[in-house]
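Order of the sequence lines sets the chain letters (A, B, ...), proteins ahead of strands, with each chain counted from 1. Bear in mind that the values here come from a model prediction, so they are computed numbers and not experimental data. Atoms considered below: every heavy atom in the structure, side chains included; atoms not considered: hydrogens, waters and symmetry mates.
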Amino acid sequence: MNAADTAFVLICAALVMFMTPGLGLFYGGMVRSKNVLATIMQSFILLGLVSILWAVAGYTLAFGKDIGGIIGNLDFLFLNGVGMDATGAPVSNIPHLAFMIYQCMFAVITPALITGAFAERMRFGGFLVFTTLWIFLVYAPMAHWVWGKGWMAQMGALDFAGGAVVHMSSAAAALAATVVMGKRKGYGHMPFIPHNLPMTVLGAAILWFGWFGFNAGSALAADGFAANAFVTTHLAAAAAALAWIFMEWRHSGKATTLGAASGAVAGLVAITPAAGFVTPMPAILIGLGGGVFCFLAVILKNKFGYDDSLDVVGVHGVGGTWGAIATGLFASINKATGLFYGNPSQLWIQLASVAATWAFCFTASLILFKLVDATIGLRASADEEDRGLDLSQHNETGYQA
Amino acid sequence: MNAADTAFVLICAALVMFMTPGLGLFYGGMVRSKNVLATIMQSFILLGLVSILWAVAGYTLAFGKDIGGIIGNLDFLFLNGVGMDATGAPVSNIPHLAFMIYQCMFAVITPALITGAFAERMRFGGFLVFTTLWIFLVYAPMAHWVWGKGWMAQMGALDFAGGAVVHMSSAAAALAATVVMGKRKGYGHMPFIPHNLPMTVLGAAILWFGWFGFNAGSALAADGFAANAFVTTHLAAAAAALAWIFMEWRHSGKATTLGAASGAVAGLVAITPAAGFVTPMPAILIGLGGGVFCFLAVILKNKFGYDDSLDVVGVHGVGGTWGAIATGLFASINKATGLFYGNPSQLWIQLASVAATWAFCFTASLILFKLVDATIGLRASADEEDRGLDLSQHNETGYQA
Amino acid sequence: MNAADTAFVLICAALVMFMTPGLGLFYGGMVRSKNVLATIMQSFILLGLVSILWAVAGYTLAFGKDIGGIIGNLDFLFLNGVGMDATGAPVSNIPHLAFMIYQCMFAVITPALITGAFAERMRFGGFLVFTTLWIFLVYAPMAHWVWGKGWMAQMGALDFAGGAVVHMSSAAAALAATVVMGKRKGYGHMPFIPHNLPMTVLGAAILWFGWFGFNAGSALAADGFAANAFVTTHLAAAAAALAWIFMEWRHSGKATTLGAASGAVAGLVAITPAAGFVTPMPAILIGLGGGVFCFLAVILKNKFGYDDSLDVVGVHGVGGTWGAIATGLFASINKATGLFYGNPSQLWIQLASVAATWAFCFTASLILFKLVDATIGLRASADEEDRGLDLSQHNETGYQA
Amino acid sequence: MKKVEIITRTFKLDDIKAGLSEIGIKGMTVSEVKGFGRQGGHKEVYRGAEYQVDFVVKVKIEVVVEDARVADVIAAATKAARTGQVGDGKIFVIPVEEVVRIRTGETGDAAV
Amino acid sequence: MKKVEIITRTFKLDDIKAGLSEIGIKGMTVSEVKGFGRQGGHKEVYRGAEYQVDFVVKVKIEVVVEDARVADVIAAATKAARTGQVGDGKIFVIPVEEVVRIRTGETGDAAV
Amino acid sequence: MKKVEIITRTFKLDDIKAGLSEIGIKGMTVSEVKGFGRQGGHKEVYRGAEYQVDFVVKVKIEVVVEDARVADVIAAATKAARTGQVGDGKIFVIPVEEVVRIRTGETGDAAV
Ligand SMILES: Nc1ncnc2c1ncn2[C@@H]1O[C@H](COP(=O)(O)OP(=O)(O)O)[C@@H](O)[C@H]1O
Ligand SMILES: Nc1ncnc2c1ncn2[C@@H]1O[C@H](COP(=O)(O)OP(=O)(O)O)[C@@H](O)[C@H]1O
Ligand SMILES: Nc1ncnc2c1ncn2[C@@H]1O[C@H](COP(=O)(O)OP(=O)(O)O)[C@@H](O)[C@H]1O
């Protein structure tokens, strides 16, 4: 065990924890004020719900001893055997508990990402039930396949900090949500304008800040790889923010603050799978691509007219997919090699993992949404939507004069 | 000296520092908008006031060489002899200055916690004078008794990160405040509805984030104990957030966002004394207890009708007390053993320290409040309360259209 | 290479990154609501713009091999040769990439500081062009002179974390901006009252929090010097917050929340050049001086009537200058000795570096502002100012009811 | 000249504006108000304490028109705003003795 | 029909609502306004610069009632709102020529 | 008695207050409103979606005065508010049948 690595991973875990309420603010600022608390709550409460689910069974399903490449065994049920030294942990340089809690923070934020898709119309009870099922049936398997020595890992798929596990999985679920739940009342007839963009920028800032924990921390050691991941993360976010506002400027004549914040997040998403496998200059290209592709996807959404309220598919789906592919193109360090460095097979592996992730996560999420819809119900009533979710789901209001 | 531990403790000190303005936002969102700045100010300015008091004399009173179990001597007056190496520090692995400043952040936040009790009616001058006296006459002795080798430490009381020193002490002072200062004007006749709950959730998020520094940092080393404290902290907060909203749902039919945030804080309070002495599953139980007991205490307050504006007693008093007792029940690591692990005497020690803490802190705080009230005055006038403390105490307003 | 130091510097880099959006909120709360996004954007987008400029050429100009004391060579163009080990880095204990990205965060925040001077009237396009030029022609040289073994370093000037490089340079540019751009429309006839002071306090809190990364991180190692810088930073901020509100209380009868926040920032600025060279008690004096002098400077501004909207000159110029001089007075550790410890020559060196910094940065910035003004234009039209920059520059509004 | 004051549900504002534009109304002034009426309010809960909030957010639209157009305005507004549920709101007609357009100084019908 | 406009201190709103309910008033519309009057304003200070703010936050309550009830409304509102200090505010009575209930189309007294 | 309602640009409020004070007006009530008129609105863009926002923030100033002073008030307000650009706004004069000062119970001219 190494104290420096332990210090680093613990602080990184704290940073990743901070991302989830940060996401709540990022999303919360973009909805109408009558839904601000419900939106924030859908992120915040997952710090409670998913953390407990993770300790109880999620961790062992993801990181217990591999069963046929599919799922972890139940050795670590109730964190049994997860202790203060490295015994049983996938890495030997930090306490097993540190590894477990660091992974916990990823499990928390992933379903929180989905909430952007059904913002302003989801019932709170249905949301809790869906998320519980999703953690065990979608997230834990995905995490196992990629990071828990499951079949994707065995196949050689590269996903440094969660392009597939975190971003594509949540975006696929988001897409399923829009299919099952339909549009917000009034969509297309009335404007849905963000009620508090300073809050959204604050959220984006917390996300960027926390993402250093997410990506650099994924090196699981305070070494040169961590430094590299830190740098690639920052530069990709920077490049994507610029790319997004450049596209905006070309498209409608002005750069926007929301665009800068959205672009930064798009860049952070895109670099996530690649952060530890690429060097800084390719990271800038990945960021530029993230900004451009996600911007175009969001524009396209408006054309298609499906109501992914806060663009989970456009940002996390497109960004995560691009990042996974780009990893197959630009990988050059940390024992990984991409197409541009002479290894075309990596690209095929990446494409296969992308396809498998989308297919599995979309299908499974669709089934879960339909199941919950059919039983306890997903969608707030028209009247509840009119009054706002803060009042109708939580008996609260966000602001008083 | 150990660089990894130094890095860890310094970053943890920064995290704990961040908690105080976080608390200001947590409280600030819950008051009416005419008092938002005054409420935030009562936390923020303590970063100024208490830090200086601590450097001048607070630190030496708490951590100077023990005099009869009661107080520290004046060896470290003006930080004399507190240097860049570990000389004279209670621990040998980090610079004495790092230990001192880490402790400073605890001294800052503790009196800030009290401010929730007298929110919306305290004069600024009286507040500064009270806090100055309280740091020297209540906080420094308490810190000495528990962490400075004073009589509570000698007796074997367990308080990992401040259940007694931080939470019970501030809650006892809060109770004294409500006795001395009475209710806010209009209490019982008009509603006191939070003016900005997103601000409160942001504050809670910062508190949770910073609490990793508070609890894991209290290991004073980047080791397995720190990892364990990190995990117990997170799981207790998670469990308590769930427990609180579950109670709410049973009580009034809906879960609230304010409830989730309040529950999280209650769980963080409850685990504070125990974080380094219990394992994860007991931590979940401690969190559940924290959520349930604090919720009930807050409901009871409404029945009793005393005006602890922002529930300092209900959350920090009840949560801290429960945590101290639970430490006596569940302690099993770090050389500590509780009742459930075969050591009933620990429970008695915990109960004794709880009783002593409440008795001393309540009495001393009551005397100090009365003293300040009789001399320069504590309570804003009715007219000042009507106009709001922002205008009447600070000549400012929080928001402009 | 040292893992503990790497962990420390990477986390500190993340903290410094967080300061830039924090500054955006600090400034954003002080403007009128119609300009809130444009103000935040001027900070936020620099995380994008300057980071890329830095990776492309800024870093090598500042930290490439010294050419005649004036500028760095182009060895590190496009981060060529900046890798995961310490090769080529100015320090040998951390990865070169870690050093580079830590420095990047300083380059990002420095031009963001300037934006306070021309808040509420700057065109977005002109701002981007000015900043690009300024990074290469003012910031990179300054960083080279002081930290890149340039002539100021060779002369023996002490600037621990950026009194000259960051604060005086941005303040000199701010002064130039007020000269070139003139006053806001209505200045002197109508009130310019902050629209959201809780946002400003939040920004100040983030700045204080991040400043630990800024100053303690500048030790570039997790050692006693870092601990010392951490402590001096905190105490100076604390003392300055108290000093500022004390001055206010004497001047207009009340202490204000904005004053506490402003004072804290003034203290943080003042201690920046000194943090690693002075001990805690002198740090308190430096903080007190920072609070008093900056307060007086801001009062004076109102007398002079130049429109430095958010007091960049008063806080960063006066605070940075005082800090640089105070370093020459109080330096006593880390191989530095000031006047009060028997080395009068250090004071002269400091004064010379102060004069040179102001002269160079003011002149160069003035030329750059005039250049941009004459070509693509700096100043928003009267109508754009009336409608607000959020609408006129970005087609957005900050808040919706 | 009359001032027609329409107090109704917030989310009907766009429809009403459209309805009035259709009949040639070129100006109006809108404010956010809180209404108390038969519709009743709602319950809010903060830390276990329940509050009955009687006021509902409504929008007030003021349109000054020539006497002859009052009936049209009422008809258009009613059509756009009616949901048939309690809380649809009220229309008040108030006499206006003079109108001035600040920009030109025009008065009377020419000023609207 | 008359519209009674009551402009008074914000924290008197609940009392006035109660007072009007007691005399059988079932509807009213409330807005936040800023008043300028004898009461004077207050000083605000931002970074050493002092601003005299003349406007005081007030609440405006609009109640439309049958002519016969105007006196009762005035009496009830005055009773509830009076503190005797400068700044208690004003009541204005304005003629209303027509009232329509949007939901039903009822007009006149039936619509209030 | 008349109520003079002035709807104009927000940043003209201070000038109008000064202008009215000069002619001896001691009280007024101000609210924030949104105006729709010839001035047109503006475009806003959020994540690539463009919204036409027709409403412009305006300020509404209400002054109740004796009949004899209405012309003075109109003149003073017009002078202070006029920029000559579209969007300067309107002034409406509305009859007021009764005025009460809550503090004293005074009515009529004495109450203003
Ligand atoms: N007498 C009144 N004076 C002023 N405003 C009224 C009056 N009665 C109702 N209102 C306004 O009309 C709104 C709707 O009235 P309400 O009684 O709830 O339903 P409805 O209009 O369907 O009868 C109220 O919220 C209030 O703003
Ligand atoms: N002539 C007026 N026209 C419109 N509103 C007025 C007028 N005079 C006073 N007001 C309103 O009444 C409020 C109270 O008036 P003020 O002169 O301060 O005290 P009082 O009502 O006790 O005489 C003011 O804040 C303003 O909103
Ligand atoms: N018929 C009307 N009824 C009520 N308010 C009106 C009317 N016409 C205009 N307004 C108000 O006056 C403002 C200015 O009107 P506008 O047509 O834009 O310019 P102008 O006053 O220069 O002709 C509008 O924003 C609106 O608030």
Side-chain angles (χ1 to χ4, degrees), chain B residues 26-27 29-32 116 186-197 200-201 204 244-263 265-266 291-305 307-315 318 401, chain D residues 3-17 20 26-64 81 83 85-90 92 94 99-103:
Chain B
F26 180 69
Y27 281 170
M30 277 190 269
V31 300
R32 289 163 295 169
Y187 187 82
H189 304 108
M190 53 193 252
F192 290 87
I193 297 184
H195 89 286
N196 191 332
L197 283 181
T200 292
V201 179
W244 187 299
I245 65 167
F246 176 80
M247 294 297 288
E248 279 190 325
W249 174 65
R250 297 296 306 260
H251 185 260
S252 66
K254 300 266 152 117
T256 71
T257 311
L258 178 58
S262 306
V265 172
V292 170
F293 300 147
C294 294
F295 175 80
L296 293 174
V298 167
I299 296 286
L300 263 186
K301 176 198 78 166
N302 292 328
K303 300 246 157 79
F304 285 161
D307 187 14
D308 175 8
S309 317
L310 310 177
D311 297 307
V312 184
V313 177
V315 174
V318 172
Chain D
K3 176 158 83 162
V4 183
E5 287 192 5
I6 306 152
I7 296 162
T8 190
R9 301 179 199 276
T10 315
F11 67 87
K12 285 293 185 182
L13 174 59
D14 282 331
D15 290 348
I16 293 173
K17 182 171 64 84
L20 294 178
K26 296 228 164 49
M28 66 193 77
T29 300
V30 174
S31 44
E32 195 184 272
V33 298
K34 289 181 192 169
F36 172 69
R38 282 181 187 70
Q39 188 186 352
H42 56 265
K43 191 173 75 168
E44 298 187 14
V45 182
Y46 298 97
R47 284 198 169 161
E50 303 199 354
Y51 300 96
Q52 177 60 28
V53 175
D54 289 323
F55 291 101
V56 185
V57 175
K58 298 273 170 192
V59 69
K60 174 159 100 178
I61 302 163
E62 295 169 87
V63 199
V64 173
T83 69
Q85 305 295 312
V86 179
D88 276 356
K90 311 274 189 247
F92 304 131
I94 293 166
V99 180
V100 181
R101 187 194 303 277
I102 294 174
R103 170 164 48 95

* **Nearest heavy atoms of D:Gly48 and B:Asn302, plus distance in Å** =>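 Where D:Gly48 meets B:Asn302 most closely, the heavy atoms are C-ND2, 4.1 Å.
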* Asked: If you look at every heavy atom in B:Ser252 and D:Lys43, which pair is closest and at what distance?
  -> O-NZ, 3.7 Å
* Asked: Does any heavy atom of chain D fall under 4.5 Å from the side chain of B:Thr256, the backbone, both, or neither of them?
  -> side chain
* Engaged part of B:Met247 at the chain D interface, taking heavy atoms whose separation is under 4.5 Å -> neither
* To do: Could you tell me which of B:Trp244, B:Phe295, B:Phe192 has the largest number of non-hydrogen atom pairs under 4.5 Å with chain D?
  => B:Phe192
* Asked: For chain D, which of B:His251, B:Lys301, B:Glu248, B:Met30 has the most heavy-atom pairs under 4.5 Å?
  ->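 Answer, by heavy-atom pair count under 4.5 Å with chain D: B:Met30.
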* Asked: Got a sec: does the NZ of D:Lys60 have more than 12 other heavy atoms crowding it under 6.0 Å?
  ->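 Yes - once you tally the heavy atoms of other residues, nucleotides and ligands closer than 6.0 Å, there are more than 12.
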* Checking D:Tyr51 against chain B: side chain, backbone, both or neither under 4.5 Å from a heavy atom? -> side chain
* Asked: With only heavy atoms counted, which part of D:Glu44 is less than 4.5 Å from chain B, the side chain, the backbone, both or neither?
  ->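 Answer is side chain: those atoms of D:Glu44 sit under 4.5 Å from chain B.
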* With side chains defined as the heavy atoms from C-beta onward, is the minimum distance between B:Asp311 and D:Arg47 less than 4.5 Å? ->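 Side chain of B:Asp311 against side chain of D:Arg47, heavy atoms only: contact under 4.5 Å found.
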